[in-house]
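In what follows, a structure is listed as structure tokens, so that the remarks can point back to it.
From a predicted model like this one, the values you see are computed outputs, not experimental measurements.
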Amino acid sequence: MMNIRFGTDGDYTSHVDSSGGYEWWYFDVKQQDFACTVIFFRGMPMSPYYIESLPHGLPDNYCGFSISVYKNDKKIAGCIHHTNQLAYTSNDQGEISVYVNNCGFIRHKEGFYTITIDTHGQDLAKGISGSLRFTPSIYNHTHISKQNADHEWRLIAPTCTVSGIITLSEYGEDIYTESISSMGYHDCNHGEIPLYDSYKDWYWGRIHLNDQFTLVYYHYPSYQDNPAFTCICIEDKVLQTLEMIHDAHITISKPKYNLFGLHPGSMISVEAIYHHQKCTAIISHQKSIESGPFYMRYYSQCIATIQGIEIESNNGISEYFYAPALQSVFIRMMIKTPIALQNN
């Protein structure tokens, strides 16, 4: 089961301290044929080091970040950093700061976020640097759905205005720069137990349909004693509302294999009632920009009908996650990257 919290009031640290517990802050931006995702972790649930430390390892000892840059339908730069150091601060004015080494973000008291990226200290031939500003379209619209679950999804800001710059360098020389003025997305997740204890797989995606609507879907099939979970959310920037659609139905079809044997559906069909009218969406994964042994990320296209208006958009990012793969010793060996430990 999954607890759900909507709105910027939900951006906080959960203080999870159980073995296998985790928390992450996710940001993404897509601009035509360019995209960037940034994730900060306290307790990296996909980390092979963390998984192999269980049932004794604690989240504070397995922090890190993951940054990916995509251009022309392929990944052109990335950095996954494992460490036991994460600096978190907050105050009663709503300010939050989360930093892992030289990468992190600040939520300012005015509500916007500034993200700093600098991977040059990670001994990589190709470095990523830059700064981004995320300004949510809606503030403080909090809805809480509690189900006494071990996991919580905090949908903070489905639509953000994003500005900034990302620069890639190689051996100290700048080789590519992208100036960004587009729309982005921000959410958080946290849980008390490892992901693979509750999930077999999940499908998630966000599509900025137009200047008014953003659609977010989150679905995982039933697994062991856990029933299937489906959540469809629509943000309306004109009405300044963020709503979870009840009685939503989702169908997954057209599975496609990747080189590692994952075969998620490549088409997501949604039917629901939104403001007393039938709402439909057909989401198709057009391009696989990340394809690994437990995770896939896509550019997605969507044709939706909301309030009788048909909308078509290609401004979507979706993902598929297959949790059992993380229990494979072979796959954990394959995805290990260096870990930087620091003494307190």
Side-chain angles (χ1 to χ4, degrees), residues 2 4-8 10-11 24-39 66 68 70 113 115 132 134-139 141 143 152-162 180 182-189 201-220 229-237 240-245 248 250 252 264-270 272 274 279-290 295-306 311-321:
M2 174 84 68
I4 304 170
R5 180 187 290 265
F6 288 170
T8 52
D11 212 343
W24 74 74
W25 295 263
Y26 171 92
F27 299 84
D28 75 38
V29 59
K30 183 178 185 294
Q31 177 173 272
Q32 297 177 336
D33 60 353
F34 175 89
C36 178
T37 63
V38 183
I39 315 172
S66 174
S68 298
Y70 308 93
Y113 298 78
I115 300 175
L132 299 170
F134 279 64
T135 303
S137 297
I138 295 176
Y139 290 99
H141 186 86
H143 165 80
E152 183 166 301
W153 176 40
R154 311 198 308 263
L155 182 53
I156 306 299
T159 310
C160 299
T161 300
V162 184
I180 296 169
S182 190
M183 290 189 291
Y185 171 95
H186 171 44
D187 73 7
C188 304
N189 285 263
D201 53 357
W202 76 55
Y203 295 81
W204 166 90
R206 61 80 170 163
I207 299 94
H208 298 311
L209 294 171
N210 57 15
D211 291 337
Q212 180 174 1
F213 295 112
T214 292
L215 183 147
V216 184
Y217 69 90
Y218 197 163
H219 171 77
Y220 59 79
F229 169 88
T230 299
C231 182
I232 307 297
C233 309
I234 292 180
E235 183 181 75
D236 185 327
K237 292 178 281 298
Q240 289 284 290
T241 57
L242 173 58
E243 300 180 47
M244 179 171 63
I245 302 178
I250 192 167
I252 299 170
S266 63
M267 181 171 289
I268 312 290
S269 302
V270 174
Y274 178 67
C279 167
T280 63
I282 299 176
I283 302 149
S284 56
H285 302 328
Q286 298 297 99
K287 301 289 184 180
S288 175
I289 54 175
E290 189 98 33
Y295 180 83
M296 298 185 71
R297 181 174 285 148
Y298 308 89
Y299 286 156
S300 295
Q301 184 179 39
C302 180
I303 300 175
T305 301
I306 300 178
I311 308 167
E312 185 170 351
S313 172
N314 62 0
N315 191 0
I317 293 178
S318 297
E319 68 179 30
Y320 172 75
F321 178 78

Any side-chain to backbone donor/acceptor pair from His186 onto Cys160? Under 3.5 Å, distance only.
no

Side chain of Ser137, backbone of Thr159: donor and acceptor closer than 3.5 Å?
yes

Under the salt bridge (charged side-chain N to carboxylate O under 4.0 Å, His left out) test, residues paired with Arg297 that sit two or more places apart:
none

Name all residues meeting the side-chain hydrogen bond (donor to acceptor under 3.5 Å, both in side chains) criterion together with Tyr113; count only those two or more places apart in sequence or in a different chain, and write none if there are none.
Asp11

Using distance only, find each side-chain donor-acceptor pair of residues 279-287 under 3.5 Å and give its atom names and separation, not counting sequence neighbours.
residue	atom	partner	partner atom	Å
Ser284	OG	Gln286	OE1	3.0
His285	ND1	Ser300	OG	3.0

Sorted by chain and number, sequence neighbours left out, ring pair (Phe, Tyr, Trp, His ring centres under 6.0 Å) with Tyr203 holds for Tyr320

Whether Asp187 and Arg206 form a salt bridge (side-chain N of Lys/Arg under 4.0 Å from carboxylate O of Asp/Glu) is what I want to check.
no

List in chain and number order the residues that pass salt bridge (charged side-chain N to carboxylate O under 4.0 Å, His left out) with Asp33, two or more places apart in sequence or in another chain; answer none if no residue qualifies.
Lys71

Taking the side chain from Ser182 and the backbone from Lys30, do they hold a donor-acceptor pair closer than 3.5 Å?
yes

By side-chain hydrogen bond (donor to acceptor under 3.5 Å, both in side chains), which residues pair with Ser66, not counting sequence neighbours?
none

With sequence neighbours left out, what residues match Gln240 under side-chain hydrogen bond (donor to acceptor under 3.5 Å, both in side chains)?
none

Would you check if the distance from the ring center of Tyr70 to the ring center of Phe34 is below 6.0 Å?
no

Checking Tyr220 now: which residues fulfil side-chain hydrogen bond (donor to acceptor under 3.5 Å, both in side chains) with it, not counting sequence neighbours?
none

Excluding sequence neighbours, so at least two apart, what forms salt bridge (charged side-chain N to carboxylate O under 4.0 Å, His left out) with Glu319?
none

Tell me the closest heavy-atom pair linking Thr230 and Ala248, and the distance in Å.
CG2-O, 4.4 Å

Does any part of the side chain of Cys233, heavy atoms only, come nearer than 4.5 Å to the side chain of Leu155, both counted from C-beta?
yes

Search all heavy atoms of Gly265 against all heavy atoms of Ile252 and return the closest pair with its distance.
CA-CG2, 3.6 Å

Assign the ring pair Tyr26 / Tyr185 to parallel, tilted or perpendicular, where the plane angle (0 to 90°) is split at 30° and 60°.
perpendicular

By salt bridge (charged side-chain N to carboxylate O under 4.0 Å, His left out), which residues pair with Asp236, not counting sequence neighbours?
none

What residues form a side-chain contact (heavy atoms from CB on, under 4.5 Å) with Asn210, not counting sequence neighbours?
Gln212, Phe213, Ile311

